[in-house]
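The structure appears right after this line, and notes come after that.
Numbered from 1 within each chain, the chains take letters A, B, ... in sequence-line order.
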Protein chains: 2
Amino acid sequence: MATTTAAQRRAQARIEYDAFIRSCPTNQLLDRISDKWVSLVVSALAQTDGASMRYSDLGRKLAGISPKMLTQTLRSLERDGILVRTVRPSVPVRVDYELTPLGTSLAGLLSAVKDWAELHIEEVNEARERYDDGDASSEGSRGSAGSGRSSSAS
Amino acid sequence: MATTTAAQRRAQARIEYDAFIRSCPTNQLLDRISDKWVSLVVSALAQTDGASMRYSDLGRKLAGISPKMLTQTLRSLERDGILVRTVRPSVPVRVDYELTPLGTSLAGLLSAVKDWAELHIEEVNEARERYDDGDASSEGSRGSAGSGRSSSAS
DNA sequence: CTGCATCCCTTAGGATACTG
DNA sequence: CAGTATCCTAAGGGATGCAG
């Protein structure tokens, strides 16, 4: 332990922390809804309430999603019991997806989030404008001061 | 229109869809809490309820986070009015971070998410085991196609 | 139609080193 | 202590093409 490399200690801490994080249900769910497409798929399915959607229906609804991500998302959701996948041995194979009760409750949660967002988005936007406009603290003349931060949109 | 490239059409759709998505407050918030560290920072700050934390306090609490991400996360949160950054011109500069009322309400939302997670995580885990164990029902050729996607960051 | 495999490119995010 | 600038890797996610 000669080299008490600060970095190594942090790296170690990260591992432990990660283990801790993963064992926390909150984070597991967070990981789930953190996926850009997951929430979109769930919402799409929730909108049709009960009515199952076919693979291509979803592909159309979620314009711009690549088949790869659609399948991947659907699979992970199926794995988590959020939705069920039903294969219909028709001539051209047909597969239907529909939310499970669990999935529906998740959709409900997303709705709650939506409500909060619509209720406070205004404040957030104001705060952003205020911030972007130049904090003014130590800035007299408005220039550009653009700190290219922005998390873009992953 | 010669090349009715399906890919191009999808790409175009994606752009439009993205624009649509971005204009939706729900997704803006989702983008916010989708960030791995955002929720962690907010929770950390919420736990101390009111008491402001210093930069290094947070770094210690969120073991394993790199200064880069900590700063980045803190900045975006400040920009959105979720927390306030206070610089204390002490000898060794001291900076405090604390949640705004808006941030506190967000923390409350995260709590709701947490409750849901703790309430249903069991079902999810069961579903996962069932799935990983081999669907059996209509066990076909799948096997473990799922591929353990962790999504984690991003 | 559904969906899996492959290649590839963009980029989030971790490690480091340096300044106020 | 608080942050910033830089480098670099891992991996998310799109495009394609093929198979059931």
Exercise for the section: Using whole Å, report how far NZ of B/Lys36 lies from C1' of D/dA10. Expected result: 13 Å

Practice task
Start with the C-alpha distance between B/Ile121 and A/Leu29, add both sets of side-chain angles, then the distance that settles side chain to side chain contact (heavy atoms under 4.5 Å, CB included), and finish with yes or no.
Solution key: CA-CA 8 Å; B/Ile121 190 62; A/Leu29 170 62; over 6 Å; no

Handout entry: d(CG, A/Leu58; P, C/dG3) in whole Å
Key = 10 Å

Problem - Helix axis bend for the helix from C/dC1-D/dG20 to C/dG20-D/dC1 - C1'-based end axes, five pairs, 10° rounding - result: 40°

Protein-nucleotides 1-3 of chain D N/O pairs closer than 3.5 Å?
| residue | atom | partner | partner atom | Å |
| --- | --- | --- | --- | --- |
| D/dA2 | OP2 | B/Ser56 | N | 2.8 |
| D/dA2 | OP2 | B/Ser56 | OG | 2.4 |
| D/dG3 | OP1 | B/Arg85 | NE | 2.8 |
| D/dG3 | OP1 | B/Arg85 | NH2 | 2.7 |
| D/dG3 | OP1 | B/Tyr97 | OH | 3.2 |
| D/dG3 | OP2 | B/Tyr97 | OH | 2.7 |

Exercise for the section: Send over the distance from B/Leu70 CG to C/dT16 P, rounded to a whole Å. Expected result: 17 Å

Practice task
Please report, rounded to the nearest Å, how far the P atom of D/dA15 is from the CE atom of A/Met69.
Solution key: 12 Å

Problem - 4.5 Å side-chain heavy-atom contact, B/Tyr17 and A/Leu40 - result: yes

Practice task
Sorted by first residue and then second, give each salt bridge (charged side-chain N to carboxylate O under 4.0 Å, His left out) pair with at least one member in residues 103-120 of chain A; sequence neighbours left out.
Solution key: none

Handout entry: ring-ring contact (aromatic ring centres under 6.0 Å, His included) contacts in which one or both residues fall within residues 93-119 of chain B, not counting sequence neighbours
Key = B/Trp116-B/His120

Problem - A/Trp37 CH2 - D/dG12 P separation (whole Å) - result: 16 Å

Problem - Listed partners of A/Arg60 passing salt bridge (Lys or Arg N to Asp or Glu O under 4.0 Å), at least two apart - result: A/Asp57

Problem - Whole-Å gap separating C1' (D/dG12) and CD1 (A/Ile65) - result: 13 Å

Exercise for the section: Can you tell me the distance, in whole Å, between the NZ atom of A/Lys68 and the C1' atom of D/dC18? Expected result: 16 Å

Problem - Distance in angstrom units between B/Gln72 CD and D/dT4 C1', rounded - result: 12 Å

Handout entry: In one Ile/Leu/Val/Met/Phe/Trp/Tyr side-chain cluster, 4.5 Å: A/Val87, A/Ile82
Key = yes

Exercise for the section: Keeping to residues at least two apart or across chains, list the salt bridge (charged side-chain N to carboxylate O under 4.0 Å, His left out) pairs with something in residues 91-112 of chain A. Expected result: A/Arg88-A/Asp96, A/Arg94-A/Asp96

Handout entry: Cluster link B/Leu77 to B/Val84, ILVMFWY, side chain under 4.5 Å
Key = no

Practice task
Indicate yes or no: at least one non-hydrogen side-chain atom of A/Gln72 is less than 4.5 angstrom from one of A/Pro67.
Solution key: no

